[in-house]
Amino acid sequence: PVLAGANGRPPLYEQPLGRRYLMSFYFVLATMSTTGYGDIRPATTKEIMLAMAIILFGCVLYASVTANLVSMAASVDANAEIYQSHVDNWSSFFVRNTK
């Protein structure tokens, strides 16, 4: 028996090569971004390309927010280290000069 595609379309292996690559890339992108496939899937080529653009935008946004948070945490740690160095210098200065 011939497997029918979604909405009366031919199965993926019978579609043009460009559409197969597009659908394959969408599948990989949705899988690796852990977005998932959802109950409502894009059907036309324009919908697939829009969904991929939105997924990529979300991944870039998430990565940049995460990078900024890590950078802020690292700078706070560096500032604390500098502060502690100053405190140690002053402490040693007072110990040497209070005899």
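These numbers come from a predicted model, not from an experiment. Starting from 1, each residue takes its place in the sequence as its number.
Placement of Tyr26 and Leu12 within a single hydrophobic cluster is found when ILVMFWY residues are connected by side-chain heavy-atom separations under 4.5 Å, directly or transitively. One hydrophobic cluster, built from ILVMFWY side chains closer than 4.5 Å, cannot hold both Leu50 and Leu56; they sit in different ones.
From Leu69, atom CG reaches atom OG of Ser64 across 9.5 Å, with rounding to the nearest 0.5 Å. Interatomic distance, CD1 of Ile55 versus OG1 of Thr34, reported as 10.0 Å (0.5 Å rounding). Rounded to the nearest 0.5 angstrom, Ile54 CD1 and Cys59 SG are separated by 12.0 Å.
Side-chain contact between Ile82 and His86 is present, with heavy atoms from C-beta onward closer than 4.5 Å. For the pair Ile48 and Arg41, the minimum side-chain heavy-atom distance is 4.5 Å or more.
A donor-acceptor contact shorter than 3.5 Å links the side chain of Ser92 to the backbone of Asp88. Within the 3.5 Å criterion, the main-chain N or O of Glu81 finds no donor-acceptor partner in the side chain of Ser85. Under the 3.5 Å distance criterion, the side-chain polar atoms of Glu47 are matched with a main-chain donor or acceptor of Ala43.
The two residues Gln15 and Arg20 make their nearest non-hydrogen contact at O-NE, 3.2 Å. Phe25 and Met52 make their closest contact through CD2-SD, 3.4 Å (heavy atoms, listed as atom of the first residue, atom of the second, distance). Pairing each heavy atom of Arg19 with each of Thr44, the nearest pair is NH1-C, 3.9 Å.
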